[in-house]
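Everything on this sheet refers to the single structure shown next.
Order of the sequence lines fixes the chain letters, A, B, ..., with proteins taken first and strands second; residue numbering starts at 1 for each chain. Quick note: numbers below take in every heavy atom, side chains included, and nothing from hydrogens, waters or symmetry partners.
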There are 4 protein chains.
Amino acid sequence: MMGEDILFVQGNEVVVEAALYAGLGFFAGYPITPSTEIAELLAARLPQRGRKFIQMEDEIASLCAIIGASLTGLKVMTATSGPGFSLMQEALGYAIMAEIPCVVVSVQRGGPSTGLPTAPSQADVMQARWGPHGDHSIIALTASNHQDLFAVTVDAFNLAETYRTPVVLLLDEVVGHMREKLLLPQPGDLPLVERLRTSVKEGTDYHPYLPREDGRLPMSDFGGVHRYNVTGLVHDMWGFPSTHPKVAHDLLRHLVDKLENRVHLITRYKEFMTDDAETLLVSYGSSARSALHVVESRRARGEKLGLLELQSLWPFPQELVRDRCSRARYVVVVEMNMGQILAEVERCVERPDRVFLANRIDGTFITPDHIRDILRIIRGRGV
Amino acid sequence: MMGEDILFVQGNEVVVEAALYAGLGFFAGYPITPSTEIAELLAARLPQRGRKFIQMEDEIASLCAIIGASLTGLKVMTATSGPGFSLMQEALGYAIMAEIPCVVVSVQRGGPSTGLPTAPSQADVMQARWGPHGDHSIIALTASNHQDLFAVTVDAFNLAETYRTPVVLLLDEVVGHMREKLLLPQPGDLPLVERLRTSVKEGTDYHPYLPREDGRLPMSDFGGVHRYNVTGLVHDMWGFPSTHPKVAHDLLRHLVDKLENRVHLITRYKEFMTDDAETLLVSYGSSARSALHVVESRRARGEKLGLLELQSLWPFPQELVRDRCSRARYVVVVEMNMGQILAEVERCVERPDRVFLANRIDGTFITPDHIRDILRIIRGRGV
Amino acid sequence: MMGEDILFVQGNEVVVEAALYAGLGFFAGYPITPSTEIAELLAARLPQRGRKFIQMEDEIASLCAIIGASLTGLKVMTATSGPGFSLMQEALGYAIMAEIPCVVVSVQRGGPSTGLPTAPSQADVMQARWGPHGDHSIIALTASNHQDLFAVTVDAFNLAETYRTPVVLLLDEVVGHMREKLLLPQPGDLPLVERLRTSVKEGTDYHPYLPREDGRLPMSDFGGVHRYNVTGLVHDMWGFPSTHPKVAHDLLRHLVDKLENRVHLITRYKEFMTDDAETLLVSYGSSARSALHVVESRRARGEKLGLLELQSLWPFPQELVRDRCSRARYVVVVEMNMGQILAEVERCVERPDRVFLANRIDGTFITPDHIRDILRIIRGRGV
Amino acid sequence: MMGEDILFVQGNEVVVEAALYAGLGFFAGYPITPSTEIAELLAARLPQRGRKFIQMEDEIASLCAIIGASLTGLKVMTATSGPGFSLMQEALGYAIMAEIPCVVVSVQRGGPSTGLPTAPSQADVMQARWGPHGDHSIIALTASNHQDLFAVTVDAFNLAETYRTPVVLLLDEVVGHMREKLLLPQPGDLPLVERLRTSVKEGTDYHPYLPREDGRLPMSDFGGVHRYNVTGLVHDMWGFPSTHPKVAHDLLRHLVDKLENRVHLITRYKEFMTDDAETLLVSYGSSARSALHVVESRRARGEKLGLLELQSLWPFPQELVRDRCSRARYVVVVEMNMGQILAEVERCVERPDRVFLANRIDGTFITPDHIRDILRIIRGRGV
């Protein structure tokens with residue numbers, strides 16, 4: 001029946017629907033604005049499907065719980081916002097090091113600290129990349145509308161399983177709380193990546209950190225037929241701690257390269273009239289909605305604007321951005337922070353002096369008018 | 001007596017001596033390699049001086065405890081390493097937002113996660129900048145030898161008090177654990193910045209977040225004669241929560257600008273033969289020791305090498321780096337990570353393609369030989 | 001029958017097959033690793049065809065023997081490795097001066113001196129150019145795989161006959177000893193250049209050093225109908241010694257220009273995706289196999305790498321290299337020595353500071369991983 | 001008595017006098033024009049002093065004989081010309097690999113091959129660098145007048161002993177055969193470097209290839225109290241063959257770096273009015289006599305010419321040449337070959353298009369007039 005296929009929902013609900021679609025088996029969380037609806041809805045939906053929901057005492061416990069559950073073979077997720085995400089940084093580093101597939105949703109509020117709990121911001125982008133200590137890499141995805149958000153959420157699970165890695169789903173409060181239409185995909189519409197389990201039989205040694213020829217590392221459900229070690233320490237292919245320089249070097253390069261060398265496979269983006277754009281907007285999340293509006297309204301007036309909307313923020317799609325920016329006279333990054341993606345764009349273009357920032361940091365949404373004002377200034381036409 | 005003035009000590013002991021010299025009044029911590037000696041020594045030394053040491057249940061509690069103690073008027077410090085520093089990110093954001101003077105020592109180990117507890121690394125540089133969520137700024141200092149480390153530790157307290165900000169003292173394991181001579185400064189040798197206390201009298205309203213003309217915000221010892229609010233939420237000059245866009249905008253700009261606009265006052269560095277250097281090494285911490293050795297040995301052979309040693313990593317001294325790098329044909333960042341300061345250097349030079357990385361990520365120290373090998377490759381001479 | 005057309009052989013066997021295909025009539029040699037199989041196989045194969053094989057007392061005698069045999073009208077070859085090739089330098093100079101067609105195979109080992117007899121190296125490239133005293137020029141060819149090696153060996157004979165010059169076939173141990181498929185060309189598949197014999201009849205003066213209009217010098221089988229002089233001294237068109245400055249000047253220019261002015265005719269090379277390469281690898285011999293692997297694997301990831309594989313090393317194809325390098329941002333010479341072809345590439349490009357060396361000098365093969373590591377450093381990404 | 005102190009001699013005699021002054025203990029050689037006088041004179045002079053002279057059957061034997069004699073603790077020398085020097089390339093590589101101090105005099109004739117035995121040329125410069133196979137380095141010295149030649153010959157012995165290396169004394173026929181005044185230095189006037197013998201006592205292991213802290217390798221007279229291995233194979237610190245990659249890598253780098261990294265210590269040169277030279281001549285050997293004459297005569301006319309006269313050709317003094325050339329508008333290399341040092345100069349200057357060649361290749365001496373003609377052409381004033 002069509003009524004069940006078309007929803008009019010908040011972004012947080014979209015995440016719930018998509019996670020269930022992707023096969024979410026376990027959720028642990030601690031409620032925090034503006035992500036609370038995710039936990040709230042899953043508290044009802046998961047048990048209905050015979051899957052597990054647990055509210056933990058805090059965010060640290062939440063991430064630790066889903067790490068454990070993931071090891072037993074389930075697809076797992078937690079959801080939080082800035083302060084909770086800050087608390088998760090140590091366990092996130094553990095999941096990176098131990099290569100645990102999991103999805104961590106962070107619905108950004110204004111920050112730092114408790115900041116502006118109900119106000120939009122995109123200021124946790126750099127934290128999503130650099131929050132845990134030590135050299136590492138991570139996948140962070142985002143979306144600007146509900147149809148994309150559904151697909152990107154499913155993708156988050158797929159990428160987590162493919163690369164045995166935590167994936168951060170980094171939304172902003174506008175996307176999390178706005179309501180718009182969602183055409184619910186049917187089973188089979190979107191591809192799902194399932195846990196790659198080892199083909200090694202019981203009684204044979206299983207190496208949890210021995211890559212296959214294609215670079216992937218098969219897993220064995222913890223508590224099942226194989227015994228193996230999992231640690232946050234630098235470890236060898238059996239999972240046992242090692243301080244051998246070559247083991248350390250190779251493990252670190254593996255953790256980083258498995259993502260950084262596959263940027264082209266991980267990158268998700270959309271583009272709008274970038275081919276001949278003299279002014280290229282680069283944006284993501286809800287900011288990209290305003291940016292797209294500006295592009296469409298200015299194109300109607302004959303101005304050559306285009307939009308590159310990033311859906312994967314990390315690993316940063318350098319080649320893509322360099323290529324698209326190379327054609328434009330002006331590049332304008334539209335985001336709700338002090339220029340976090342701006343710095344990445346500057347780094348990968350030939351002419352950083354042609355890259356500008358259209359931003360907002362006061363807890364209010366960045367509007368098309370605000371972007372247009374900044375475009376005037378950039379072109380030397382003042383306010 | 002000379003015997004008391006010259007010490008042969010570990011870097012961690014230097015931090016202890018310098019903190020006491022600076023007037024440390026309260027230390028709370030949880031032991032973790034390779035920082036443990038700091039807590040261990042202070043557990044004995046602070047009570048001897050009638051000051052307070054407390055071992056907390058974990059790193060979160062430790063940072064929270066010193067935040068509280070700082071509010072009561074004491075100079076405070078905690079010390080930890082990667083995993084503990086990750087756990088501190090939320091409270092660190094709180095200290096940034098609430099503008100609490102405190103010193104957080106992080107003696108880096110190999111990471112991510114528990115990683116290589118006893119091995120050298122400098123891979124937490126980006127975390128020190130971006131670990132907490134939300135737009136913010138921070139001061140991070142480091143040093144390559146014990147005499148400098150003493151001065152820099154005193155500076156950490158001075159800067160914390162001057163700017164009402166957490167200061168990260170970001171050492172690496174080599175500096176923390178190596179022993180070398182320290183000529184202990186006498187009282188008065190190094191200037192000390194004391195808490196700026198409000199001149200507002202009891203019975204008059206004290207505004208904890210109302211800047212003086214020079215931008216500094218006087219404090220009032222908590223539990224003293226004034227009552228005021230302290231929060232991690234966006235707040236006004238009374239410390240009361242506000243969601244007003246202008247208040248939010250101005251607070252964020254204040255938190256960032258009070259440091260970023262004073263980079264020239266905050267920057268600490270040393271330079272060695274940079275004037276005519278064709279190859280400029282940029283380094284910090286123990287890596288700078290090897291870099292300096294290479295400079296000196298190559299200068300003896302007539303090669304024009306120079307070294308810019310950064311002692312303040314954040315806010316990043318862009319102008320300084322740009323200036324020094326502008327004269328060199330090759331710029332080589334020497335660090336023990338995958339290129340964290342490298343990225344900052346690349347961002348601020350004219351020719352990022354002339355910036356190279358001499359690094360090590362395998363838990364072994366970067367030696368002069370290793371740097372020389374990489375210099376060979378960079379100059380197109382291969383291995 | 002197909003069985004006879006497809007061989008699975010060592011590179012040294014390929015040289016044998018190709019030399020026989022080209023019409024080798026006489027081989028003199030002294031066995032030395034890693035070239036020995038060439039002599040060993042020819043000791044059986046040549047007599048079967050009614051042609052001559054002789055093992056000499058040393059390498060000097062070997063080269064002298066084939067020089068004499070060549071004068072009688074036969075296509076000739078010898079084979080050796082580093083130490084033996086060093087011994088041949090005087091006789092090689094004689095062959096250059098007297099313009100004797102001959103092919104000298106040198107299968108490089110690790111050096112200098114007896115060095116590493118069984119280990120791969122490409123460190124005799126400069127010796128192949130500059131081993132004999134006096135201004136001169138020479139042709140040196142190489143190949144990275146057996147199919148090419150067959151063609152290049154035939155070419156060596158063709159070029160020797162065309163230009164009356166010794167041609168050095170400079171292999172490395174990996175190419176010499178590895179086994180892979182060779183599709184044996186059929187007679188007629190590859191063009192053969194036969195000895196250009198004089199049309200001057202018996203009883204008429206034959207001038208051994210009087211060029212035809214096209215610059216080529218016809219030969220007359222020694223011991224045949226003409227009497228003439230052959231000497232290593234500067235000589236006139238009759239072959240008689242002269243100290244006349246113009247004779248000396250013209251002879252030297254002739255010896256050099258006959259090759260250097262025909263670089264475009266002599267140059268053999270292959271290229272892989274050089275058109276849009278941002279990083280251009282320049283390589284040869286077995287190193288080019290690893291280089292090609294890197295290009296292919298990186299292209300699959302979207303990186304713009306290309307490979308220029310040189311098959312003729314001398315005379316150095318300056319114009320070709322300059323042209324291909326002019327399009328690239330990075331040029332990386334891949335070779336197993338301290339940068340011998342590197343220096344030639346640097347000399348002919350606009351921006352020598354953009355030319356790097358990916359090399360190996362420890363007697364182990366340069367692998368794709370090793371090249372990738374060096375590409376990381378060159379791009380400023382460290383280890 | 002003064003009569004004995006001032007000689008009027010050929011350059012070859014100067015070499016003899018200087019070798020005896022330096023302490024030559026053993027000479028083995030085979031006569032060849034234009035070096036024959038050296039052997040001839042030493043056949044008389046050495047026995048008079050109770051030292052050894054032996055005429056060998058050829059040049060290979062000659063170099064091998066002095067290598068053996070050097071191992072027994074004597075200062076040794078041989079002398080030859082182009083064809084003989086070509087024959088010595090294998091044994092020269094052995095001396096490089098086994099680190100045998102010895103002096104090889106090559107008095108260049110016209111080449112290649114037997115060439116022009118009695119005519120001047122400087123065309124063996126590149127052979128002196130690249131004649132032996134394998135990566136290696138070498139010292140080659142030359143001089144333009146007898147007083148310098150004496151000092152440079154003594155230096156050849158000093159450098160051979162200091163660096164345990166063969167040193168090539170590369171003269172040209174003009175210097176070898178011309179007669180001019182030599183003021184014979186008295187004992188003590190020139191410093192002498194004596195064999196560095198090991199302080200290891202009998203019965204204790206002596207390591208022939210274990211460097212001291214200053215990089216030098218003490219020797220033990222072969223046949224004396226220590227037994228050790230000497231080989232041309234890659235070897236460890238005991239002199240025993242090894243194929244270990246690290247041993248091979250380190251040995252090769254040692255052999256090359258012990259000279260290339262000490263270019264500033266090895267470089268010998270003279271300069272004439274280079275400070276303000278708009279046209280800088282770079283020359284060596286007898287060519288530098290004509291070059292100096294041009295500089296002096298043109299300076300008298302107010303033209304700003306200068307001369308950089310190289311006395312050490314290898315390792316090539318890149319830094320020196322780059323520095324001196326950087327000040328000049330025109331650089332003109334004056335040499336009697338097709339541009340062998342020219343190529344080195346081009347490689348190390350900023351503007352290779354401003355480097356020109358004034359040369360002669362016809363067996364006649366390059367005169368001041370010839371250089372002046374070429375200067376006219378370079379400056380666009382034609383012939």
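- For a residue to count as touching a neighbouring chain, one of its non-hydrogen atoms must lie under 4.5 Å from one of that chain's; by this rule A:Val256 touches chain B with the side chain only.
- Contact of B:Ala343 with chain A is made through backbone and side chain together, with heavy-atom distances under 4.5 Å.
- In this structure, no portion of A:Gln122 lies under 4.5 Å from any heavy atom of chain B.
- Side-chain contact check for A:Phe316 versus A:Val345: some heavy-atom pair is nearer than 4.5 Å.
- In summary, the side chains of A:Glu99 and A:His254 do present a donor paired with an acceptor at a separation below 3.5 Å, with no hydrogens or angles considered.
- Per-residue heavy-atom pair counts under 4.5 Å with chain A were compared for B:Gln108, B:Glu90, B:His249, B:Lys246, and the maximum is reached by B:Glu90.
- In this structure, chain B has no heavy atom under 4.5 Å from any part of A:Phe85.
- When each of A:Arg347, A:His244, A:Arg360 is checked for heavy-atom pairs under 4.5 Å with chain B, A:Arg347 comes out on top.
- Taking the side chain as every heavy atom from C-beta outward, A:Tyr30 and A:Glu59 approach each other to under 4.5 Å.
- Between chain A and the residues B:Ser106, B:Ser113, B:Gly110, the most heavy-atom pairs under 4.5 angstrom are made by B:Ser113.
- Residue pairs meeting the side-chain hydrogen bond (donor to acceptor under 3.5 Å, both in side chains) criterion with at least one partner in residues 230-240 of chain A, sequence neighbours excluded, are A:His207-A:Trp238.
- Interface remark: A:Pro83 contributes backbone and side-chain atoms alike to the contact with chain B (heavy atom separation under 4.5 Å).
- With respect to the salt-bridge test (charged N to carboxylate O, under 4.0 angstrom), the residues A:Glu350 and A:Arg322 do not qualify.
- Proximity to chain B (any heavy atom under 4.5 Å) is shown, for A:Arg129, by neither the backbone nor the side chain.
- Applying the side-chain contact (heavy atoms from CB on, under 4.5 Å) test to A:Cys64 and every residue at least two apart in sequence or in another chain returns A:Ile60, A:Ala91.
- Taking A:Arg253, A:Met338, A:Arg109 one by one and counting their heavy-atom pairs under 4.5 Å with chain B, the maximum is reached by A:Met338.
- Contact of the B:Val105 side chain with the B:Thr80 side chain is not registered, since no non-hydrogen atoms from C-beta on lie closer than 4.5 Å.
- At least one side-chain heavy atom of A:Leu71 sits under 4.5 Å from a side-chain heavy atom of A:Tyr228.
- Expressed to the nearest 0.5 Å, how far CD1 of A:Ile139 lies from CH2 of A:Trp314 amounts to 13.5 Å.
- Heavy atoms of A:Ala98 lying under 4.5 Å from chain B are absent altogether.
- With respect to chain A, the highest number of heavy-atom pairs below 4.5 Å among B:Gly93, B:Pro245, B:Gly111 belongs to B:Pro245.
- No hydrogens or angles considered: nothing links the side chains of A:Glu173 and A:Ser121 as a donor-acceptor pair under 3.5 Å.
- Contact count versus chain B (heavy atoms, under 4.5 Å) is highest, among A:Ala123, A:Gly363, A:Ala95, A:Gly115, for A:Gly115.
- Side chains of A:Val230 and A:Tyr209 form a contact here, defined as non-hydrogen atoms less than 4.5 Å apart.
- At a 4.5 Å heavy-atom cutoff, the contact between B:Gln340 and chain A is made by side-chain atoms alone.
- With chain B as partner, the option from A:Pro112, A:Ser81, A:Gly82 having the largest number of non-hydrogen pairs under 4.5 angstrom is A:Pro112.
- By number of non-hydrogen pairs under 4.5 angstrom with chain A, the leading residue of B:Asp135, B:Val234, B:Val247, B:Thr364 is B:Asp135.
- Of the atoms belonging to A:Ser242, it is backbone heavy atoms, and not side-chain ones, that fall under 4.5 Å from chain B.
- Contact tally against chain A (heavy-atom pairs below 4.5 Å) for B:Gly131, B:Gly232, B:Ala248: the top residue is B:Gly232.
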